[in-house]
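A, B, ... follow the sequence lines: proteins, then strands. Residue 1 opens every chain.
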There are 2 protein chains.
Amino acid sequence: MVAVMPKQPPRPDVTDGAVRTGPRGRPRSAEADCAILEATRAALVELGWSKLTMGDVATRAKVAKTTLYRRWAGKSELVVDAVAHLFDELELPDLGSLTADVECVVLRFAALLERPETRTALMAVVAEGTRDEALRGRIRSAIVDRQKGLVLQGRARAQARGELPYEDDPATAARNADLIFDVIAGAVVHRTLVSAEPVDAAWARRFTRLLLSGLASLRN
Amino acid sequence: MVAVMPKQPPRPDVTDGAVRTGPRGRPRSAEADCAILEATRAALVELGWSKLTMGDVATRAKVAKTTLYRRWAGKSELVVDAVAHLFDELELPDLGSLTADVECVVLRFAALLERPETRTALMAVVAEGTRDEALRGRIRSAIVDRQKGLVLQGRARAQARGELPYEDDPATAARNADLIFDVIAGAVVHRTLVSAEPVDAAWARRFTRLLLSGLASLRN
DNA sequence: GAGTTACGCTACGGGCCGTAGCGAAAGCCC
DNA sequence: GGGCTTTCGCTACGGCCCGTAGCGTAACTC
């Protein structure tokens with residue numbers, strides 16, 4: 001788990017080669033960071049993305065509004081960090097077969113998207129990210145890359161078991177991993193948030209079969 | 001193409017069985033409707049979702065702000081209708097094979113998502129929809145159902161060609177269509193908006209092969 | 001203690017929201 | 001034409017939220 005860091009305080013340059021001792025002055029309150037992120041998640045559950053305001057979060061966290069703006073540039077950045085922690089619980093258990101692994105991660109990812117915090121926040125920040133390159137990068141490092149790691153891990157296991165062939169070309173391997181990631185994550189997100197229908201065990205099973213064996217396997 | 005209708009004006013009940021003649025009073029300006037939707041799309045291109053305001057749209061459309069609120073309840077509903085028209089151009093040409101049909105629709109759908117209007121609007125309204133049942137229904141009828149029709153159409157063609165088996169059970173057929181729809185639409189949306197990487201011909205080809213033949217086909 | 005930085009608090013200009021109220025305009029039906 | 005109905009443009013308004021500035025105080029380092 002990689003901690004997501006809020007906006008860094010302005011520090012003097014270290015480019016002159018002089019050895020700096022640790023940061024001087026009053027340090028930032030770690031409790032405040034935690035309380036703010038917690039308050040943000042609570043506000044997301046109660047109010048949703050559109051009605052969430054910075055002032056409200058500050059009040060919930062028992063913190064001055066100015067303290068929020070000292071650490072996060074705005075609502076989007078704050079919410080990304082607040083939600084990112086929830087994705088840390090995503091893990092890929094080794095169940096012994098590629099089919100079981102895929103089904104399991106699909107269900108876990110869906111369970112994460114069922115939570116009202118992630119439900120209302122994920123699409124909203126992605127929408128904002130379409131117009132903000134920096135925000136896209138933040139989303140990528142805080143959320144997307146963690147998920148993509150699961151794909152790489154699952155493929156390595158399947159290859160070790162002999163369920164998947166080893167790719168000869170590293171570039172091809174990377175492209176395939178990206179493709180599989182978009183297919184799995186995209187299908188689960190689209191099912192839960194756009195089609196607004198539940199991802200249950202039956203759906204996960206049928207999706208996994210489709211992914212592994214293709215369209216022709218969908219007869220029954 | 002089904003026209004998306006703005007908020008209906010308050011009419012007296014027709015439940016008493018009496019024959020009503022047409023609506024009385026001054027009719028709504030169809031030109032205003034058109035100008036408003038056009039102005040909304042233009043504003044989406046220039047400003048994006050978050051900075052788009054109702055007042056700005058009204059000014060662009062040369063219409064009073066009150067006129068907007070007489071027809072749409074808010075920003076989300078307005079944007080859904082404004083973007084819905086763009087999805088009408090989605091069609092499924094008969095290219096003679098399932099592979100070609102899928103590749104083509106993937107590329108067309110991706111081209112639609114490349115446009116800044118849809119890019120910034122689609123995820124935003126979906127995010128709002130997670131907290132608004134009525135808005136979800138509006139998105140479904142205005143956008144999602146039209147796309148889903150393409151899946152049904154493509155499957156029927158493939159079955160007629162003998163490329164896909166006919167499902168015995170209608171319920172199974174419906175579930176399969178929903179699954180395929182979420183996989184295709186989800187993958188394209190996730191690739192373009194979350195991973196923020198282009199859907200080009202090569203990606204469409206590899207995705208289609210994966211969809212038709214499953215993971216094992218991804219060696220090269 | 002001196003220096004530095006974070007904090008809480010208050011106050012503010014500015015923007016946008018969504019609505020009310022008005023007179024005028026544009027259609028129907030007699 | 002005269003009435004009736006509904007929409008239109010316009011203005012004005014209270015309210016909420018934004019994001020920042022300014023101040024005095026608290027916490028930590030050297």
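The closest side-chain heavy-atom distance from B:Met123 to B:Val189 is below 4.5 Å. The side-chain heavy atoms of A:Val199 and A:Glu114, taken from C-beta on, include no pair separated by under 4.5 Å. Looking only at side-chain heavy atoms (C-beta outward), A:Lys75 and A:Trp49 come within less than 4.5 Å of each other. Under the 4.5 Å side-chain criterion, counting only non-hydrogen atoms from C-beta, A:Arg206 is in contact with B:Asn176. At least one side-chain heavy atom of B:Thr66 sits under 4.5 Å from a side-chain heavy atom of B:Arg70. Proximity of A:Ile180 to A:Ile184: side-chain heavy atoms (C-beta onward) are separated by under 4.5 Å at one or more points.
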Return a table of donor-acceptor pairs under 3.5 angstrom between the side chains of residues 32-43 of chain A and protein atoms on other chains or two or more places apart.
| from | atom 1 | to | atom 2 | distance (Å) |
| --- | --- | --- | --- | --- |
| A:Asp33 | OD1 | A:Arg71 | NH1 | 2.4 |
| A:Asp33 | OD2 | A:Arg71 | NH1 | 3.3 |
| A:Glu38 | OE1 | A:Arg41 | NH2 | 3.1 |
| A:Thr40 | OG1 | A:Ile36 | O | 2.7 |
| A:Arg41 | NH1 | A:Ala82 | O | 2.7 |

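Between the P atom of C:dC17 and the CH2 atom of B:Trp72 lies a distance of 15 Å, rounded to the nearest Å. For B:Lys51 and D:dC18, the NZ to C1' distance is 13 Å, given to the nearest whole Å. At whole-Å resolution of the value, CD in A:Glu31 and P in D:dA27 are 12 Å apart. Atom CD1 of A:Ile36 and atom P of C:dA6 are 13 Å apart (whole Å). Nucleotide C:dC16 holds its P atom 11 Å from the OH atom of B:Tyr69, rounded to whole Å. Between the P atom of C:dG8 and the CZ atom of A:Arg70 lies a distance of 8 Å, rounded to the nearest Å. D:dG3 atom P lies 17 Å from atom CZ of B:Arg24, rounded to whole Å. Rounded to whole Å, the distance from CZ on B:Arg28 to P on D:dT5 is 18 Å.
The nucleotide whose nearest atom lies closest to any side-chain atom of A:Pro27 is, among D:dC28, D:dT20, C:dG27, D:dC28.
Between the side chain of B:Lys65 and the base of D:dG9 there is no donor-acceptor pair of N/O atoms closer than 3.5 Å. Interface remark: the A:Arg26 side chain does form a donor-acceptor pair with the D:dA26 base, using a distance-only criterion of under 3.5 Å.
Ring geometry, A:His190 versus B:Phe181: the interplanar angle exceeds 60°, so the pair is classed perpendicular (tilted spans 30 to 60°).
Each of B:Thr67 and B:Gly25 was assigned the nucleotide of DNA chain D with the nearest heavy atom; the assignment lying further toward the 5' end belongs to B:Gly25.
The stretch residues 52-60 of chain A touches DNA chain D through A:Thr53, A:Met54, A:Gly55, each having a heavy atom within less than 4.0 Å of the strand. Contacts between residues 39-50 of chain B and DNA chain D, counted as heavy-atom distances below 4.0 Å, involve no residue at all.
Backbone-only engagement by B:Ser29 is indicated by non-hydrogen atom pairs under 4.0 Å involving sugar-phosphate atoms exclusively.
Side chains of A:Ser195 and A:Glu197: a donor-acceptor N/O pair is absent below 3.5 angstrom, by distance only.
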